[in-house]
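Values in this document were obtained by computation on a predicted structure and should not be read as measured data. These values consider heavy atoms only, across backbone and side chains, with no hydrogens, waters or symmetry-generated copies.
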Amino acid sequence: MSQSDSSKSHAGEYCSQMQSFEVSMYAKDNDKASGTFNNQIQFLLSTLGYAVSYGNIWRFPYMLYQHGGGAFFVPYLICLAILVFPLFYLEIAFGQMYRKALHRYYDTIHPKLLGLSFTVAAICFFIATYYLCLIGWCFAFFLNSFQDPLPWAPKVDEDGKVDEFSNRYFVNEFLDKSDSLFDIRSYNPTIMISLVLMMSFVFFTLYRGIHSAKYVSYFVVPLPYFILAVFFVKGLTMEGFSSGWAYLYKPDWSKLWTLSIWSDAAGQAIFSAGLAHNTVIKFASHRKEDDPLLSSTILLPCLNFGTSMFASLALFSFIGHASYTSGIPIDDMKVQGMELTFVVYPALINTLPWPNLWSILFFTMMTSLGLGTEYILVEVCSDIFHGTCSRRKTFKGRKVVMTFIFCLIILLINLAFFASSAGYYWLKYVDHYATSINLVVFSFVQIVLFVYFLPIEDLIEKIKKFGEATPKLYIFCLKYICPIFSLFLSAMAVYGDITRKNKPKETIDVIVCNIIFAIPLLSFLIVFVWNPFGRYDLENKAEYRSASLLDDGEEMKEASQSGDQ
């Protein structure tokens, strides 16, 4: 070895040692700012607290109801087995092994792909926007739970019958539901106050850092299972519950050949697991590199699916009872997605002793579940923008300012549109156009980039250094099955949306919905063409190294900027 090569080797070794030292110091010094998980239980509870949310309590049961009961299980379980499990493993592994800033996972492959980070931020932004609406509604119901009798208690109709399964209060009194997106005729003051209080809570939680939220998971995660267990036991005592369970498990096989059931199943599986928008990567980046991977990636999706099933059993037992007492077949009850939370569950609460107490507990649970998801979505948005914008002196600023800006924008949008009489439509269309389709499409993009361009072999070798081997089945699925299957699902999701019948009626509504759908893609194209942040010199792109993701010395710079609070 020449003297020159020897000096380079010693210099490289010294840089590596200094990098390791400074990064470890960063992790120690910024523990309160960025947060780390002290043990495996904290990670499991925090991730489960994020993933188990409205998607399990009302979105999954609604998908079952909409797509013929048991028939929905076929595409959902297929998506879970060959898409969610491998992709969940991939995201946790990348977050845990590389532990980099969120905006660095795409522009490392190629500088022009920096815009994909903004696509992720746009998806998270839209999810956070309509999630705040749901949180505000739940907190407003929580406040109304102190009234005696409850405002949604069963009332005698014109024929002298007691209608315990009526959406009259939710649609007519609470929302004052209008006819279209821009048919805004009133605002609900209780909803507006709830939105301000909830977003303030989210901001101050993020201001204190992720470590302040991980301890809340000890309370947030067990509460839904306790309340769902009470509902489940109560449902078993109600007449007609068996017809609800029969509907849940009896498949309508004709629905299996429609495009919508496959696209909705894929979207629900990915959405419920928290995949394809970097939130799982965000959590995994706070783990130790030697924490077990395989057990977490199997346990978390299984617990998530089990929660969805448990909630469905509790809910369909009451739907069967309502069908039995009213004489209306379950297929004809026309239960909408969000009405499961704000109509069916409140009606179930009315059948319990001390309904006010159970209403307070239930909507405390629903509010907590929403907040557990909301804070990480806003954190991902602010992380990506802060990390990228700090590269330019023009955009430099403290991360807390960026977080405040995102919280303020989300709050103003909710106050202007979601708190109005048209809020029902804003929530419905933002959920469908901005998240459901985009998550399915982006999962395909993420798989291709992480597997073939980083590439995945480097990740596998890095995992081996910590004594754990990647299952060969996962490798096979990620290389061959997942890309083809996710591309197939993406094509069906886009085509299904083009041909679906229940689109907005007004022309202006259609235009707005398509703009919402296109914003994540436009955010990528703008950065791809314009590159306003000037992150890299494209003439020197040969210097990029997919295996290491960041060059020597860059990690410390990245860490110090990402930890700036």
Point to revise | Check: Pro292 and Gln40 side chains under 4.5 Å, non-hydrogen atoms | key: yes
Check your understanding: Given side chains that start at C-beta, do those of Val378 and Phe203 come closer than 4.5 Å, heavy atoms only?
Key -> no
Exercise for review: With the side chain counted from C-beta on, respond yes when Cys79 and Phe485 share a heavy-atom pair under 4.5 Å apart, and no when they do not.
Suggested key: yes
Check your understanding: Relative to each other, are the rings of Tyr54 and Tyr131 parallel, tilted or perpendicular (30° and 60° limits)?
Key -> tilted
Exercise for review: Using the ring pair (Phe, Tyr, Trp, His ring centres under 6.0 Å) rule, take Phe142 and Phe362 through it: C-alpha gap first, then chi angles, then the decisive distance, then the call.
Suggested key: CA-CA 8 Å; Phe142 166 80; Phe362 176 76; over 10 Å; no
Check your understanding: Under 30°, 30 to 60°, or over 60°: which ring-plane class applies to Tyr433 and Phe517, parallel, tilted or perpendicular?
Key -> perpendicular
**Study point:** Between Tyr106 and Asn278: side-chain donor-acceptor atoms closer than 3.5 Å
**Key:** yes
Check your understanding: In this structure, which one of Phe126, Tyr130, Phe417 forms a ring pair (Phe, Tyr, Trp, His ring centres under 6.0 Å) with Trp426?
Key -> Phe417
Check your understanding: Do Phe43 and Phe283 have ring centres separated by under 6.0 Å?
Key -> no
Check your understanding: Are any of the side-chain heavy atoms of Gln96 and His286 separated by less than 4.5 Å?
Key -> no
Exercise for review: Assess the pair Phe85 and Tyr89: is the distance between their ring centroids shorter than 6.0 Å?
Suggested key: no
Practice item. Give the minimum heavy-atom separation between Ala71 and Ile261, together with the two atoms involved. Key: O-CD1, 3.8 Å
Check your understanding: Measuring from Ile270:CD1 to Gln446:CD, what's the distance to the nearest 0.5 Å?
Key -> 9.5 Å
**Study point:** Ile384 CD1 to Phe125 CZ distance, which is reported to the nearest 0.5 Å
**Key:** 13.0 Å
Point to revise | His67 and Phe72 aromatic ring geometry - parallel, tilted or perpendicular at 30°/60° bounds | key: parallel
Check your understanding: Considering residues at least two apart in sequence or located in another chain, which fulfil the side chain to side chain donor-acceptor pair (under 3.5 Å) criterion with Tyr50?
Key -> His277, Thr279
Check your understanding: Is there a donor-acceptor contact under 3.5 Å linking the side chains of Asn56 and Ser308?
Key -> yes
Review point. Any idea how Tyr65 and Tyr247 line up, ring-wise: parallel (<30°), tilted (30 to 60°), or perpendicular (>60°)?
Key: tilted
Review point. Where do Tyr76 and Phe60 land on the ring pair (Phe, Tyr, Trp, His ring centres under 6.0 Å) test, with the steps shown first?
Key: CA-CA 10 Å; Tyr76 186 86; Phe60 182 83; 5.1 Å; yes
Exercise for review: Go through Ile78 and Trp262 one step at a time and tell me if the side chain to side chain contact (heavy atoms under 4.5 Å, CB included) criterion holds.
Suggested key: CA-CA 10 Å; Ile78 291 175; Trp262 287 89; 3.9 Å; yes
Check your understanding: Would a 4.5 Å heavy-atom cut-off, applied to side chains only, mark Asn304 and Met309 as touching?
Key -> no
**Study point:** Aromatic ring pairing Phe141/Tyr169, orientation class (parallel under 30°, perpendicular over 60°, tilted between)
**Key:** perpendicular
Practice item. Report yes if the side chains of Ser272 and Arg59 come closer than 4.5 Å at any heavy-atom pair, otherwise no. Key: no
Review point. Which word best sums up how the rings of Phe174 and Phe342 line up, parallel for under 30°, tilted for 30 to 60°, or perpendicular for over 60°?
Key: parallel
Point to revise | Test of ring centre spacing under 6.0 Å for Phe318 and Trp245 | key: no
Review point. Mind checking whether Phe385 and Phe118 have parallel, tilted or perpendicular rings, split at 30° and 60°?
Key: perpendicular
Point to revise | Spacing of CG belonging to Leu87 relative to CD1 belonging to Ile447, to within rounding of 0.5 Å | key: 5.0 Å
Considering only distance and modelled atom types, tabulate donor-acceptor pairs under 3.5 Å from the side chains of residues 406-414, sequence neighbours left out.
from, atom 1, to, atom 2, distance (Å)
Asn414, OD1, Cys133, N, 3.2
Asn414, ND2, Thr129, O, 3.0
Asn414, ND2, Ile410, O, 2.9

